[in-house]
J.: 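Pasting a structure here, questions to come.
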Amino acid sequence: MTSMADFKEKVVKVNGREVCPHDEFCGGCIYQEIPYEEQLKIKEKEVLTLLENKGIAPESLDKIEGCPSLYGYRNKMEYTFGDFVKDGDMTLGMHRKKSFMSIVTVNQCQLVVDDFNKILTATLEFCGSKGYKAHNKKSHRGLMRNLIIRRGVYTKQIIVNIVTTSDDTDEGVFFDEAGFAEMICSLDLENTVVGVLRTINDSLADAVIPQEIRTIYGVDYYMEEILGLKFKVSAFSFFQTNVEAVERLYREAIDLIEDFSGKTVFDLYCGTGTISQIMALKAKKVIGVELVEEAVEAAKENARENGLENCHFIAGDVFEVLDKVAEKPDVIVVDPPRVGIQPKALDKIIAYGVKEILYISCNPKTLAENLKYFDYYGYKCKYLKPFDNFPMTKHVETIVLLSKLDSKKYISVELPMDDMDLTSAESKATYKQIQNYVLE
């Protein structure tokens, strides 16, 4: 294995630019000092090792697919206000490596377009000039909590969402909404700001919880396009972070299903219904299930916008929703969160007995665990391919086609209940064939 010292000599030549100046403290890009081809090998090996440890051997395996763009590919960033050292100047950015309390200002991040860095820098300066304080995770005092920026890659639209606590009337601390919106709109950007929002979050949890969302300029969404379809993405809707890469992944994943025509498809953990609507162009009917109600409403609106009447979305937990759906699927697509699919939901999915299940994974560890479960119940891994949609980071995605009872390798044996004497049974199939059938 090449040493890290050797890697550093190759960085500029192989990856095309200098190492990020935030590398020493920011924990986001753990692989940026490694040439990209080596990054791909590391990620591919991780997926295959996890599968091997679970006894999963794909019948067909493709090499990992690299990312179309190594830099500037993220269309969303969620930054946190804080300080780098206790009681130091206010910072805005990412958590420091191995430190929950320390925040690193990342105004030269290479994973985003430069407009994000400009907005971050201007926001930090604006808040500093107003004397605003960062929200303290222990004392729960301080106005400023987060900055969220989202961008339409093909539409070049940006929405900026500043997250604060409520104004403190007793202390006389008020966030200048109009001034902030004016400042953001005055920036010299390549993309167009279509909305500036303020989210109120007084929760004690260290998370962005939108207790109230105010639109202080423009609209509360941006538009995006994927594979010819239009999508309206609201402030807190889940949407793929790397649009260019996910187009390629979705295209290859859908092509694994030979024919959608006349089929009913279940798209479980569907988010805003991106892949649901792409499949609806070919399938008889697509039913998407998603836990987040806001994402489901966005999916419904997007389907109407795209003129898709055969695409339906249901809000709720997959385990509970499947009990209420009368239709039976011909194909099931699953795109679960990083925690994977829980056993109770797996049992429901397996019980349908569909011939093909398409699994899109964002976490190889939970993927391997789920595939082991599927394998036990007769679903074999027919095809697997990893994708690197997030260069320089540890994340890797994978598409898997699962198939049940391949007709080329299994025989069908009929055993009528009134015809169970051994002699009669043997006239239809050998005892060994019956034994193998029962075992399968």
Side-chain angles (χ1 to χ4, degrees), residues 75-76 78 148-161 163 191-199 208-244 246-247 249-251 253-254 260 264-318 320-322 324-325 327 329 333-337 360:
N75 62 14
K76 176 189 175 184
E78 180 179 307
I148 304 171
I149 308 174
R150 305 192 71 162
R151 167 179 174 257
V153 174
Y154 291 117
T155 62
K156 295 189 178 299
Q157 296 179 350
I158 281 182
I159 57 173
V160 178
N161 185 5
V163 183
N191 297 266
T192 301
V193 175
V194 295
V196 180
L197 316 176
R198 181 188 179 188
T199 293
V208 179
I209 299 175
Q211 296 171 326
E212 180 187 351
I213 304 175
R214 302 175 185 172
T215 302
I216 55 181
Y217 167 79
V219 293
D220 61 353
Y221 62 89
Y222 71 90
M223 297 301 298
E224 185 57 287
E225 297 178 7
I226 292 184
L227 296 177
L229 294 175
K230 297 179 180 179
F231 295 93
K232 180 180 178 180
V233 186
S234 58
F236 289 98
S237 289
F238 170 79
F239 200 74
Q240 296 293 335
T241 312
N242 186 343
V243 169
E244 188 180 15
V246 84
E247 282 189 309
L249 184 151
Y250 280 169
R251 189 181 292 110
I254 291 173
F260 278 102
T264 296
V265 182
F266 280 8
D267 182 14
L268 309 181
Y269 313 95
C270 68
T272 51
T274 310
I275 197 170
S276 306
Q277 294 175 62
I278 296 169
M279 293 187 295
L281 296 172
K282 300 180 179 181
K284 173 185 176 183
K285 185 176 185 179
V286 177
I287 298 175
V289 181
E290 168 59 41
L291 181 63
V292 181
E293 290 189 14
E294 183 187 9
V296 171
E297 291 306 311
K300 291 177 179 178
E301 187 171 349
N302 288 329
R304 287 193 295 269
E305 177 74 19
N306 290 310
L308 298 171
E309 297 180 356
N310 62 333
C311 208
H312 307 275
F313 298 96
I314 304 171
D317 184 271
V318 167
E320 297 174 352
V321 168
L322 292 182
K324 304 173 185 176
V325 179
E327 290 93 340
V333 176
V334 294
D335 189 357
I360 301 174

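Treat the numbers as computed from the prediction; the structure is a model and nothing was measured.
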J.: Can you give me the closest heavy-atom contact between Ala295 and Ser237, atom names plus distance?
T.: CA-OG, 4.4 Å
J.: Below 4.5 Å, heavy atoms only, C-beta onward: do Thr274 and Tyr250 meet side chain to side chain?
T.: yes
J.: If you define the side chain from C-beta out and look only at heavy atoms, does anything of Arg304 sit under 4.5 Å from Glu301?
T.: yes
J.: I want to check something: taking the side chain as every heavy atom from C-beta on, are Thr241 and Asn75 in contact at a cut-off of under 4.5 Å?
T.: yes
J.: Once the angle between the rings of Tyr222 and Phe239 is folded into 0 to 90°, is it parallel (under 30°), tilted (30 to 60°) or perpendicular (over 60°)?
T.: perpendicular
J.: With sequence neighbours excluded, tell me which residues meet side chain to side chain contact (heavy atoms under 4.5 Å, CB included) with Lys285.
T.: Thr264, Ile287, His312, Glu327
J.: Between Pro337 and Tyr269, which heavy-atom pair has the shortest distance, and what is it?
T.: CD-CD2, 3.9 Å
J.: Between Val265 and Ala283, what is the shortest heavy-atom contact and its length?
T.: CG2-CB, 3.9 Å
J.: Would one find more than 12 heavy atoms of other residues, nucleotides or ligands at under 6.0 Å from atom CD of Glu293?
T.: no
J.: Do Lys300 and Phe313 meet the cation-pi criteria used here (NZ or CZ under 6.0 Å from the six-membered ring centre, within 45° of the axis)?
T.: no
J.: Compare every heavy atom of Glu224 with every heavy atom of Val233, then report the nearest pair and how far apart it is.
T.: CG2-CB, 4.5 Å
J.: With side-chain contact (heavy atoms from CB on, under 4.5 Å) as the test, would you mind laying out the steps for Tyr217 and Val160 before giving the verdict?
T.: CA-CA 10 Å; Tyr217 167 79; Val160 178; over 6 Å; no
J.: Set out, in order, the CA-CA distance, both residues' side-chain angles and the distance that settles side-chain contact (heavy atoms from CB on, under 4.5 Å) for Ile226 and Ile275, then state yes or no.
T.: CA-CA 9 Å; Ile226 292 184; Ile275 197 170; over 6 Å; no
J.: Is there a side-chain hydrogen bond (donor to acceptor under 3.5 Å, both in side chains) between Thr199 and Asn161 once you walk through the steps?
T.: CA-CA 7 Å; Thr199 293; Asn161 185 5; 3.0 Å; yes
J.: How close do Ile254 and Lys282 get, counting heavy atoms only, and between which atoms?
T.: CG2-NZ, 4.3 Å
J.: Considering all heavy atoms of both residues, which atom of Gln240 and which atom of Asp335 are nearest to each other, and what is their separation?
T.: NE2-OD2, 4.1 Å
J.: Out of the candidates Asp317, Val321, Val296, only one should pair with Val289 under the side-chain contact (heavy atoms from CB on, under 4.5 Å) rule; please name it.
T.: Val321
J.: Are the side chain of Asn302 and the backbone N or O of Phe231 linked by a donor-acceptor pair below 3.5 Å?
T.: no
